[in-house]
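Before any comments, here is the structure.
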Amino acid sequence: MNLVVVGTQWGDEGKGKLVDLLSEKADIIVRYQGGHNAGHTVALGEKTIVLHLVPTGVLHPGKIGVIGNGVVIDPEALLSEIATLSSHGISVSGRLFISEMAHLIMPYHRAIDKASEHAKGSQKIGTTGRGIGPAYADKIARIGIRVIDLFDDALFRQKLESNLAEINIFLREVYQVEEFNSDAIYKEYVGYRDQIKPYVADTSVMIHSAIGQNRDILFEGAQGTHLDVDMGTYPFVTSSNATAGGACTGTGVGPTQIDEVLGVTKAYTTRVGQGPFPAELTEAMGESLRQKGGEFGATTGRARRCGWFDAVLVRYAVRVNGLTSLAVTKIDILDGMPDLYICDGYEYEGKIIKEMPSSLGVLQGCAPHLVRFPGWMEKTASVRTYKELPKNAKDYLDAISSAVGCRIDLISTGYRRADTIVLRNPFG
Ligand code: IMP
């Protein structure tokens with residue numbers, strides 16, 4: 001059974017916790033896109049750990065983690081994450097594999113990311129500054145350096161030198177920032193090469209052979225549908241395919257092999273970084289959600305923008321990912337709020353729009369069309385069975401499910417693995 005888990009909003013939906021929980025039944029957990037811009041927060045006993053690049057599932061002893069070809073890898077970040085895991089007593093040796101076809105993030109990618117954001121001024125995207133966009137830009141421009149290239153010394157040197165010949169001019173003349181020295185990068189990356197060597201594999205072959213043996217595979221999406229470079233609120237997006245299709249191109253597995261797609265959605269909406277957000281709450285209510293929900297970025301620590309649940313966003317995610325079910329997280333954050341609202345459409349120039357507009361200008365001009373729901377004063381925090389949920393919470397969840405047209409399989413009521421109501425486990 002092969003399951004893809006994706007975010008339905010702008011990332012930070014709580015995929016880390018869900019993937020961690022579902023990994024109990026999976027044999028292999030695969031990341032397929034993004035890089036260390038992601039931040040998946042997972043409870044480890046009473047502590048929490050934030051993973052950026054390594055698949056969350058490796059926190060379970062014996063599970064295999066794969067970083068697919070669609071991911072961009074900063075080797076320094078990867079090695080430091082492996083070291084952090086080891087300091088928590090978790091060894092990934094022999095059970096973490098990285099695709100030899102994955103592209104590398106180079107130091108100049110980080111410099112371009114930062115300089116480009118700076119140059120954009122008020123038009124900036126609000127990237128994580130990790131070099132993600134420029135690394136994917138090189139991949140598409142066919143000048144990217146892949147993991148496998150590190151093992152062909154002459155090719156690696158030649159690619160590095162020819163890339164730097166252009167990039168240094170650009171950095172110096174356009175951005176007026178420091179240039180890079182190819183010898184220094186060469187030495188640094190050769191050092192990484194020797195350390196990552198044990199993890200490098202032809203992961204597409206590995207996954208196919210596991211599928212042939214009927215093993216259970218979980219494809220762990222990073223970011224969210226509306227940050228997808230094709231399907232998201234372009235250009236305020238990340239540079240990869242965070243939607244379910246990315247699980248195929250980012251791992252070398254065909255679409256006929258995917259059995260189910262689970263969409264993770266928060267019971268309200270958040271966004272980090274710039275870009276349109278029609279259901280955003282900018283005043284006291286937004287601040288209250290931010291404080292109660294601890295809505296601060298797991299990667300950059302930035303305050304997340306908060307808003308009501310936006311059914312237009314999630315309905316779109318149901319469609320473009322072909323979602324088979326939903327997991328709703330952080331329902332407990334809404335405990336004690338007398339009035340709740342769901343945005344079921346956008347008001348634009350006197351009309352109600354029910355579908356996401358493709359034009360950013362139109363989206364920016366949309367006001368939320370809100371429907372009120374009575375809240376609940378009881379606690380849902382740590383509730384572990386559906387029947388214990390207050391009636392109004394059940395009604396609110398039913399309203400989400402019918403507004404977006406997708407059934408709910410899981411409801412998360414806290415950060416611990418056990419704080420989850422499992423109506424149906426997609427792994428059976
Ligand atoms: P980049 O991925 O660093 O290029 O950033 C592009 C946009 O995606 C920015 O708005 C980031 O804040 C956002 N972003 C990237 N990764 C994540 C994530 O894991 N969660 C939420 N937002 C993200």
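Counting starts at 1 for both ligands and their atoms, in listed order.
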**Study point:** Proximity of Tyr175 and Phe170 rings by center, below 6.0 Å
**Key:** yes
Check your understanding: Is the closest basic N to carboxylate O distance between Lys379 and Asp332 below 4.0 Å?
Key -> no
Review point. Can a donor-acceptor pair be found between the side chains of Arg130 and Thr299 at a distance below 3.5 Å?
Key: no
Review point. Heavy atoms under 4.0 Å from ligand 1: which residues qualify?
Key: Trp10, Asp12, Asn37, Ala38, Gly39, Ile125, Gly126, Thr127, Thr128, Gln223, Leu227, Val237, Thr238, Val272, Gly273, Arg302
Practice item. Flag the pair Asp419 and Arg417 as a salt bridge only when some basic side-chain nitrogen lies within less than 4.0 angstrom of an acidic carboxylate oxygen. Key: no
Practice item. Run the salt-bridge test on Lys354 and Asp344 with the 4.0 Å N-O cut-off and return the result as yes or no. Key: yes
Practice item. Decide if the gap between the ring center of Phe277 and the ring center of Trp10 is smaller than 6.0 angstrom. Key: yes
